[in-house]
Amino acid sequence: MLSTHTSLPVIDISSFLSQDGSFTSRAECTSKLSSACRDVGFFYLIGHSITPSTIERVLSLARKFFLETPDSEKLEISRKEPGDDYGDGARGYQRLGENVTMGKADLHEAVDFYRDEDRLEVRPPYELLHGRNLWPRTPPELEENLKDYVEQMKLVGTAVVRAMGAALDLGEDEDVFVKATRQSFWVMRMIGYPPIPNPSNGLLSNGNTDENQSCGTHTDYGCVTLLVADDTKEALQVRAKDGTWINADPIPGAIVVNIGDMMERWTNGLWKSTEHRVIHRGERFRVSVPFFFEPDWNASVAPLQKCVKETGGKSEYGGIRYGDHLTAKVRGNFY
Ligand SMILES: N=C(N)NCCCC[C@H](N)C(=O)O
Ligand SMILES: O=C(O)CCC(=O)C(=O)O
Ligand SMILES: [Fe+2]
């Protein structure tokens, strides 16, 4: 069953973006944040200081890339296949149906960017994420604008995780998420979704046959995902605690935020990394640009004492290095 109206909370982060946010506005933010993260794991963020024109520019550059850049040029920045010089790589362009979720092809094309990293181990399996981003040549202003966008989104991400530490009332550990994300191994995806054809007409060019999911059900891997998307409705769907799917339709100017696997682990499951999916059966080509604000590659993430106490006293998760979790997840993302 799919709810017809959106019921995700709206949270104003402005008091945590500035150094001098008032006690009352911070308290209001953390109280809403704490129920949003416990009850849904998804919310709309306002007061984030990213201007509407920035959001518009980012989306329109992404749209231009998907709809106007010739295929030959897209393929120049294809992610590397196994057997290429550096083994297979996750950075770069992925054509329709190249991504898989739960064993099925996703009907989207995308370009994945990560923090540039020349110091990772180059041996398997880590060569997957080693190296530098592959930037499209056209539109020519895309690279500069998206690099600037990454810097702005890191500030938003930092404010959100600072507020999360406060919302969990972690005492002397209150800065634990800010510290763990100081050298964030961030990810940004530029995603293009053609409408799912009905009935199927063989849109996938690579021989893969599944055509009923734009992006299959999954959780995100790190701390917090900050998503901007065009105004397409009924595409992104969020699984509520009772199992129903809620449309996370865009609200103009707001960023859709969800928590990832590392937050679930830190909080010992008090906050769940919420499942979501994209099923785009609309008319128009849909574009989204999620920014994943993640821990440092080497951050080791384990349940926090305070959260263990609050969830019955037993640690439900072991410790993990974020880079290892990410590598394992990303490895399963491609055919
Ligand atoms: N970094 C993130 N979350 N990327 C989105 C991944 C889409 C789902 C993925 N194929 C999976 O199966 O996890
Ligand atoms: O396109 C969207 O709205 C969501 C994409 C997503 O869930 C992801 O890339 O992890
Ligand atoms: Fe996701």
Side-chain angles (χ1 to χ4, degrees), residues 6 8 41-45 55 58-59 62-63 66 79 90-92 94-115 128-129 153 157 184-196 208 210 213-239 245-251 254-264 272-282 284-295 297 322-323 325-335:
T6 227
L8 304 179
F42 260 82
F43 55 89
Y44 294 102
L45 194 73
I55 293 177
V58 165
L59 291 171
R63 176 173 294 277
F66 290 118
R79 70 174 200 92
R91 297 167 195 262
Q94 299 138 40
R95 66 210 184 286
L96 280 186
E98 185 168 347
N99 273 257
V100 292
T101 305
M102 300 201 306
K104 292 173 79 174
D106 292 325
L107 196 65
H108 66 247
E109 53 182 321
V111 185
D112 284 8
F113 306 95
Y114 295 80
R115 175 198 167 93
L128 189 61
L129 292 159
M153 292 304 264
S184 170
F185 197 80
W186 56 265
V187 188
M188 179 172 60
R189 305 196 80 204
M190 217 166 57
I191 315 174
Y193 299 93
I196 295 173
N208 299 331
D210 300 304
Q213 65 184 28
S214 307
C215 182
T217 306
H218 67 280
T219 61
D220 292 341
Y221 315 145
C223 292
V224 290
T225 303
L226 305 168
L227 174 90
V228 302
D230 69 21
D231 59 6
T232 308
K233 293 189 177 24
E234 299 178 356
L236 173 59
Q237 301 165 3
V238 174
R239 177 115 72 185
W245 291 96
I246 302 171
N247 286 320
D249 289 345
I251 297 180
I255 294 175
V256 176
V257 182
N258 64 284
I259 55 187
D261 300 342
M262 295 301 101
M263 271 299 165
E264 176 172 327
K272 289 278 186 321
S273 179
T274 301
E275 287 183 318
H276 53 285
R277 68 183 182 191
V278 178
I279 297 183
H280 173 37
R281 290 199 181 277
R284 189 163 160 259
F285 192 91
R286 174 177 186 260
V287 170
S288 75
V289 182
F291 177 81
F292 303 92
F293 186 63
E294 316 293 53
W297 180 269
Y322 173 66
H325 179 70
L326 180 70
T327 303
K329 285 288 192 176
V330 172
R331 171 131 348 253
N333 276 343
F334 308 111
Y335 268 123

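Start at 1 and go down the list; that is how both ligands and their atoms are numbered.
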Is it true that a side-chain atom of Glu264 and a backbone atom of Ser273 form a donor plus acceptor pair closer than 3.5 Å? yes
If I take atom CG from residue Asn247 and atom CG from residue Leu8, how far apart are they, to the nearest 0.5 angstrom? 9.5 Å
What I'd like to find out is whether the side chain of Leu107 reaches to under 4.5 Å of the side chain of Pro194, using heavy atoms alone. yes
Can you name the atoms of ligand 2, numbered from 1 with element, that are less than 4.0 Å from a heavy atom of Arg286? 1 (O), 2 (C), 3 (O)
Considering all heavy atoms, the nearest Asp106-Cys215 contact: OD1-CA, 3.4 Å
Heavy-atom pairs closer than 4.0 Å: do any link ligand 2 to the side chain of Thr225, the backbone, both, or neither? neither
Classify the ring geometry of Phe185 against Tyr114: parallel below 30°, tilted from 30° to 60°, perpendicular beyond 60°. tilted
Give the residue and atom name of whichever protein heavy atom lies nearest to atom 1 (N) of ligand 1, and the separation in Å to one decimal. Tyr221 CE1, 3.2 Å
Under 3.5 Å, N or O to N or O, is Arg189 touching ligand 1 that way? no
Around atom 9 (C) of ligand 1, find the nearest protein heavy atom and jot down its residue, atom name and distance. Asn333 OD1, 2.9 Å
Please check: side-chain N/O of Arg91 versus main-chain N/O of Leu129, any donor-acceptor pairing under 3.5 Å? yes
Main-chain N/O of Tyr322 paired to Glu294 side chain as donor or acceptor, under 3.5 Å: no
If the cut-off is 4.0 Å to any non-hydrogen atom of Ser288, which atoms of ligand 2 fall inside it? 1 (O), 2 (C)
Any side-chain heavy atom of Trp245 within less than 4.5 Å of one from Arg277? yes
Under a 3.5 Å distance rule, please check whether Asn258 uses its side chain to pair with a backbone N or O of Gly41 as donor and acceptor. no
Could you list which atoms of ligand 2 come closer than 4.0 Å to a heavy atom of Phe292? 8 (C), 9 (O), 10 (O)
Of all the atoms in ligand 2, which lie at a distance below 4.0 Å from a heavy atom belonging to His276? 7 (O)
Output the list of atoms in ligand 2 that are nearer than 4.0 Å to some heavy atom of Arg189, sorted by atom number. 9 (O)
What protein heavy atom is closest to atom 5 (C) of ligand 2, reported as residue, atom name and distance in Å? Tyr193 OH, 3.5 Å
Any side-chain heavy-atom pair of Gln94 and Glu109 under 4.5 Å: no
Using a strict cut-off of 4.0 Å, indicate which atoms of ligand 2 neighbour a heavy atom of Val278. 1 (O), 2 (C), 3 (O), 4 (C)
Mark the output for His218 as yes if a heavy-atom distance to ligand 2 is under 4.0 Å, and as no if none is. yes
Report the relative orientation of the aromatic rings in Phe291 and Trp186; use parallel for angles under 30°, tilted for 30 to 60°, perpendicular for over 60°. parallel
With rounding to 10 degrees, what does the angle Asp220:OD1 / the Fe ion (ligand 3) / His276:NE2 come to? 100°
For Val187, is the nearest heavy atom under 4.0 Å from an atom of ligand 1? no
Hey, which N, O or S atom on His218 ends up closest to the Fe ion (ligand 3)? NE2
Does ligand 1 come near enough to Asn99 that some N or O of the ligand is less than 3.5 Å from an N or O of the residue? no
Can you name the side chain to side chain donor-acceptor pair (under 3.5 Å) partners of Thr225, sequence neighbours left out? Asp220
Heavy-atom distances under 4.0 Å are what count here, so tell me which part of Ala229 touches ligand 2: side chain, backbone, both or neither. neither
Between Val100 and ligand 1, which residue portion shows a heavy-atom distance shorter than 4.0 Å: side chain, backbone, both, or neither? backbone
Numbered atoms of ligand 1 (with element) below 4.0 Å of Cys215, judged on heavy atoms: 7 (C)
Among all protein heavy atoms, pick the one closest to atom 3 (N) of ligand 1 and tell me residue, atom and distance. Asp220 OD1, 2.9 Å
Any Arg277 heavy atom less than 4.0 Å from ligand 2: no
Salt-bridged, Asp230 to Arg63, with N to O below 4.0 Å? yes
His218 N/O under 3.5 Å from ligand 1 N/O: no
Does Val256 approach ligand 2 within less than 4.0 angstrom via side chain, backbone, both or neither, non-hydrogen atoms only? neither
Please examine the side chains of Thr232 and His280, heavy atoms only from C-beta on, and report whether any two atoms are closer than 4.5 Å. yes
So if I count the atoms of ligand 2 from 1 in the order they appear, which ones are less than 4.0 Å from some heavy atom of Ile191? 5 (C), 9 (O)
